[in-house]
Amino acid sequence: MTDVGPFGLSVRDQALEADVQAGLTAVEEGLLEATKSEVPFITEAAQHLVRAGGKRFRPLLVMLAAQFGDRHAPGIVPSAVVVELTHLATLYHDDVMDEATVRRGVDSANTRWGNSVAVLTGDFLFARASHILADLGPEAVRVQAEAFERLVTGQILETAGPQDGRDPIEHYLDVLGGKTGSLVAVSCRFGAMMSGAEETVVDVLTQYGERLGVAFQLADDVLDIASDSHESGKTPGTDLREGIATLPVLRLRERAARLGLAEDLALCELLDSDLTDDARHAEALRLLRAHPALEQARRDTVRYAEDARSALAPLPECAAKTALVELCDAVVHRAG
């Protein structure tokens, strides 16, 4: 039994373990090859986050989903490289938008080289992903294009905020479905699709990926508040500092509106103040870490992880299904 992939996922089946490890090794090689340029500086910038490591959550899902068909089909590894390149590109762009200084335990690209280089490097990665995708066929291009549209739409909706009268929590969960759920769903879809799995299996795994992706991001929201930078690999409370209301903050505001407790209202007021001030930011983090809203956000994470687990019910019992179920548990564990 060996730990592979994110969160120390334990794979108890030796054949599955060998397949997954071989696939992830090939993906790593593919990422380094795809991020090479004739211009050394571009190679350095493009490989900055690749070499920083990461969970490789999406490629892992591709490999596990491929177990329901021909796990050695030629399109599996390239499709995993595509989804990870797309994910990495969004990180370069996100760090510019969030003015983040740390990513995966190293300086963010925008900190090291400036915003322009970070944005253009993200664009370079999108271009390389598209180049690989073109060899996987028109259906793969369509699936990726639809997911990318959803991803960008989710980012825009987050920036615009909920329309008047819309429940902010409902709006936020829709945002996460686009920003995170879409690409995680495509990871599962590509793995199953490239392996030639039956269409019903492809659909089940896509639904699983969508729900797991939302749970994964909700766990990130909790981790951003509850952890230190050593655990998360990035600066804690980045979204707080930028005034982005993630689920713990939305749960706090919901509770404040419903109960009207003085301490809740005071914390909301603090969160609405200028949190670029280090002292205010530290105080907001301290209070949120002790607030019931954080526990409610944890419960929401568990609910989405359980929904993902339930989606797997139609699949036959096998080692890959067991691993996918354990990923749901791992996401919940990550949220504490």
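What you are looking at is a predicted structure, and each value in this text was computed from that prediction instead of being measured.
Residues Leu173 and Leu218 are in side-chain contact: their nearest non-hydrogen atoms beyond the backbone lie under 4.5 Å apart. Contact annotation: the side chain of Ser273 approaches that of Leu270 to within less than 4.5 Å [non-hydrogen atoms, C-beta and beyond]. Residues Pro292 and Arg255 meet the side-chain proximity criterion, which asks for heavy atoms closer than 4.5 Å. Side-chain contact between Thr200 and Pro314 is absent, with no heavy-atom pair separated by less than 4.5 Å. In this structure, Val119 and Tyr92 have side chains that are not in contact, with every pair of non-hydrogen atoms separated by 4.5 Å or more. At a threshold of 4.5 Å between non-hydrogen side-chain atoms, the residues Leu64 and Leu327 count as touching. Considering only heavy atoms from C-beta on, Val222 stays 4.5 Å or farther from Arg334 through its side chain. Side-chain contact check for Val81 versus Glu33: every heavy-atom pair is 4.5 Å or farther apart.
Ion pair Arg251/Asp221 not flagged as a salt bridge, since none of the NZ, NE, NH1 or NH2 atoms sits closer than 4.0 Å to an Asp/Glu carboxylate oxygen. We find that Arg253 and Asp272 are joined by a salt bridge, their nearest charged nitrogen and carboxylate oxygen being less than 4.0 Å apart. With respect to the salt-bridge test (charged N to carboxylate O, under 4.0 angstrom), the residues Asp307 and Arg211 do not qualify. Looking at Arg189 and Glu146, no side-chain N of the basic residue comes within less than 4.0 Å of a carboxylate O on the acidic one, giving no salt bridge. For the pair Arg241 and Asp278, the salt-bridge criterion is met [side-chain N within less than 4.0 Å of a carboxylate O]. With salt bridges taken as basic N to acidic carboxylate O contacts below 4.0 Å, one links Glu139 and Arg142.
The main-chain N or O of Ala80 is never found under 3.5 Å from a side-chain atom of Arg58 such that the two would form a donor-acceptor pair. Here the side chain of Asp70 pairs no donor or acceptor atom with the backbone of Ser195 at under 3.5 angstrom. Thr43 contributes a side-chain N or O that, together with a main-chain N or O of Ser37, makes up a donor-acceptor pair within less than 3.5 Å. Tyr208 places a side-chain N or O within donor-acceptor distance of the main-chain N or O of Leu324, the cut-off being under 3.5 Å.
Of all non-hydrogen atoms in Val106 and His48, the two that sit nearest each other are CG2-NE2, 3.8 Å. The two residues Cys188 and Gly209 make their nearest non-hydrogen contact at SG-CA, 3.8 Å. Between Val62 and Ser79, the shortest heavy-atom contact is CG1-OG, 3.7 Å. Listed here is the closest heavy atom pair of Ala197 and Val201: CB-CG1, 4.1 Å. The two atoms that bring Met194 and Gly75 nearest to each other are CG-O, 3.7 Å, heavy atoms only. Between Ala118 and Val96, the shortest heavy-atom distance links the atoms CB-CG2, 3.6 Å.
Listed by chain and number, the residues in a ring pair (Phe, Tyr, Trp, His ring centres under 6.0 Å) with His281 amount to none (sequence neighbours excluded). Here Phe124 pairs with nothing under the ring pair (Phe, Tyr, Trp, His ring centres under 6.0 Å) rule; sequence neighbours left out. For Gln47, the side-chain hydrogen bond (donor to acceptor under 3.5 Å, both in side chains) criterion is met by Thr35, Arg51, not counting sequence neighbours.
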Point to revise | Test log, rule side chain to side chain contact (heavy atoms under 4.5 Å, CB included), inputs Arg303 and Asp300 | key: CA-CA 5 Å; Arg303 177 167 56 86; Asp300 293 326; 3.6 Å; yes
**Study point:** Test side chain to side chain contact (heavy atoms under 4.5 Å, CB included) applied to Glu28 and Arg56, step by step
**Key:** CA-CA 9 Å; Glu28 211 63 30; Arg56 303 296 187 250; 2.7 Å; yes
Exercise for review: Let me see the working for Ile225 and His291 under side chain to side chain contact (heavy atoms under 4.5 Å, CB included), right down to the final yes or no.
Suggested key: CA-CA 11 Å; Ile225 300 297; His291 197 279; over 6 Å; no
Practice item. Show your working on side chain to side chain contact (heavy atoms under 4.5 Å, CB included) between Asp264 and Leu252 and close with a plain yes or no. Key: CA-CA 7 Å; Asp264 292 349; Leu252 165 68; 4.3 Å; yes
Review point. Would Arg286 and Glu283 count as a salt bridge (Lys or Arg N to Asp or Glu O under 4.0 Å) if you check the C-alpha gap in whole Å, the side-chain angles of each, and the deciding distance to 0.1 Å?
Key: CA-CA 5 Å; Arg286 184 186 70 81; Glu283 178 67 1; 2.8 Å; yes
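For the atom pair CZ (Phe126) and CG (Leu88), the distance works out to 10.0 Å, reported to the nearest 0.5 Å. A distance of 5.5 Å separates CD of Glu295 from CZ of Arg298, quoted to the nearest 0.5 Å. In this structure, the separation between CD on Glu29 and CG on Leu32 is 8.0 Å, given to the nearest 0.5 Å. Here the straight-line distance linking atom CG of Leu24 with atom CG of Asp19 works out to 10.5 Å at 0.5 Å rounding. Rounding to the nearest 0.5 Å gives a distance of 7.0 Å between NZ of Lys179 and OH of Tyr172. Summarising the geometry, atom CG belonging to Leu212 is positioned 5.5 Å from atom SG belonging to Cys328; distances are rounded to the nearest 0.5 Å.
Under a hydrophobic-cluster definition in which Ile, Leu, Val, Met, Phe, Trp and Tyr are linked whenever side-chain heavy atoms come within less than 4.5 Å, directly or via other members, Leu265 and Leu261 are assigned to different clusters. Under a hydrophobic clustering in which Ile, Leu, Val, Met, Phe, Trp and Tyr are joined whenever their side-chain heavy atoms come within less than 4.5 Å, directly or via other members, Leu176 and Leu91 fall into different clusters. Connection of Leu275 to Ile244 is not established within any shared hydrophobic cluster, with ILVMFWY side chains joined at heavy-atom distances below 4.5 Å, either directly or through further cluster members. Taking hydrophobic clusters as Ile, Leu, Val, Met, Phe, Trp and Tyr residues chained together by side-chain heavy-atom distances below 4.5 Å, Leu247 does not share a cluster with Val332. A chain of hydrophobic side-chain contacts below 4.5 Å, direct or via other Ile, Leu, Val, Met, Phe, Trp or Tyr residues, connects Val204 to Val186.
Evaluated for a side-chain contact (heavy atoms from CB on, under 4.5 Å) with Phe57, the options Val83, Val184, Leu183 yield exactly one hit, Val184.
Under the 3.5 Å distance criterion, with hydrogens and angles disregarded, no donor-acceptor pair is assigned to the side chains of Asp203 and Gln207. Checked by atom type, the side-chain pair Gln155/Glu158 shows a donor-acceptor distance below 3.5 Å.
Residue-environment remark: CD (Glu199) exceeds the threshold of 12 foreign heavy atoms within 6.0 Å. No more than 12 heavy atoms of other residues, nucleotides or ligands lie within 6.0 Å of CD in Glu269, so this atom counts as exposed by the packing criterion. Remark: Glu198 CD is loosely packed, at most 12 non-hydrogen atoms of other residues, nucleotides or ligands lying under 6.0 Å away.
Classification of the Phe41-Trp113 ring pair by plane angle, with boundaries at 30° and 60°, yields perpendicular.
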